[in-house]
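What follows is a set of notes on a single structure, which appears directly below.
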Amino acid sequence: MDDDERALSPQEMLRLIEQQETAAAERFVPDPVPHFLAWGVAWLAGFGALFLHYGLSGRPYAPVPAWAALTVLWVLMAAALVVSAATMWQLRSPVRGPSQERGMMYGLSWALGFLGVWTAGIRFGQQLPEAETGLLWAGLSMMTVAMLYVAGGAVWHERTMFLFGTGMAVLNAAGVMAGPGWHALLMAAGGGGGSIVAGLLLRRARRR
Amino acid sequence: MTSGLDPVIHAPARLRVVATLNALREGDTVTFPGLRDLLGMTAGNLSVHLGKLEDAGYVEITKTHRGRTPVTYVALTRRGRLAFEDYTAEIRSLLDAASPPADG
């Protein structure tokens with residue numbers, strides 16, 4: 001009879017269970033921390049630059065051109081998208097079943113949401129002044145992001161995700177009403193800062 | 001003594017297999033190579049243990065094809081999940097009985 005047929009003490013068997021459960025959870029459930037941190041940095045830096053460009057009273061706080069601020073935002077968001085996609089693919093490798101289907105449907109809902117953002121932004125953006133066009137794009141995008149976080153929280157029963165989405169939805173609505181400068185400030189601090197804080201809290205919870 | 005423990009699960013290798021499969025969400029399955037990598041076992045060794053778990057009705061093995069390559073998926077049955085829960089509860093109660101909670 002080989003070694004792995006011989007039982008160990010209850011203590012050692014329990015330790016074996018705990019070790020194996022941790023290893024399996026790490027493989028089967030994707031680590032959300034890089035996702036939260038990447039999007040947090042993108043929004044903090046991108047909307048932070050836009051905030052300096054607009055200012056709260058219509059006067060810029062720093063000589064940041066709009067194109068430069070938008071470039072920072074879009075490039076960092078594209079990088080964050082790569083991080084998120086990599087997280088999802090890692091999950092999908094050895095597991096088949098309802099979880100995989102759920103992930104695919106959820107991924108598709110992001111594409112559909114942003115299809116709506118782009119079409120509305122292009123159609124109505126042409127008829128607005130520059131600052132309002134920027135706010136239209138930013139407001140629609142962040143509303144879509146907020147709703148998808150709320151929905152994701154419901155799908156996976158993840159409270160952090162749900163609460164973060166709820167907070168973003170409220171801040172986004174308030175920012176759209178208050179104007180481009182306030183919107184950029186709220187998205188940088190609340191969205192960017194909030195995402196980084198959520199990421200750090202999740203990391204601590206995972207290492208517990 | 002530990003004689004009341006489920007002998008199918010009460011072997012380190014099979015305990016690890018069951019604990020891993022229990023981490024899957026209900027309805028999900030894992031590919032045989034994915035499971036093998038996660039456990040660090042040889043394919044032959046894993047097959048033997050899966051066979052014993054299948055005989056006990058704890059594990060469901062599905063063989064299918066993806067294009068021309070055969071794929072094997074493994075999942076815990078409802079009975080397997082229950083057996084693992086019972087086993088874990090029994091191990092914990094054994095440990096509680098062995099060491100009274102003096103370290104508050």
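The sequence lines fix the lettering, A, B, ..., with proteins before strands; numbering per chain opens at 1. Just the heavy atoms: all of them, side chains too, but no hydrogens, waters or symmetry mates, feed the values below.
Applying the side-chain contact (heavy atoms from CB on, under 4.5 Å) test to E158(A) and every residue at least two apart in sequence or in another chain returns W156(A), M161(A). Residues passing the side-chain contact (heavy atoms from CB on, under 4.5 Å) test with V72(A), sequence neighbours excluded: A45(A), L76(A).
Contacts of residues 32-39 of chain B with chain A at a heavy-atom distance below 4.5 Å involve G34(B), D37(B), L38(B), L39(B), listed in sequence order. Of residues 74-86 of chain B, those residues with a non-hydrogen atom less than 4.5 Å from any non-hydrogen atom of chain A are, in numerical order, F84(B).
When heavy atoms are compared at a cutoff of 4.5 Å, R25(B) approaches chain A solely by way of its side chain, counted from C-beta outward. Only the side chain of E18(A) comes within less than 4.5 Å of a heavy atom in chain B; its backbone stays farther off.
To the nearest 0.5 Å, atom CG of residue L16(A) and atom CZ of residue R16(B) are 6.0 Å apart. For the atom pair CG (L15(B)) and CD (Q20(A)), the distance works out to 8.5 Å, reported to the nearest 0.5 Å.
For the side chain to side chain contact (heavy atoms under 4.5 Å, CB included) test with Q11(A), the passing option among I91(B), L95(B), L94(B) is L95(B); the others fail. Each of N22(B), T88(B), V18(B), I9(B) was checked for a side chain to side chain contact (heavy atoms under 4.5 Å, CB included) with I17(A), and the lone residue meeting it is T88(B).
Within the 4.5 Å cutoff, no side-chain heavy atoms of D28(B) are placed close to those of F28(A).
No more than 12 heavy atoms of other residues, nucleotides or ligands lie within 6.0 Å of CD in E60(B), so this atom counts as exposed by the packing criterion.
Considering every non-hydrogen atom in both A24(A) and A23(B), the closest pair reads CB-CB, 3.6 Å.
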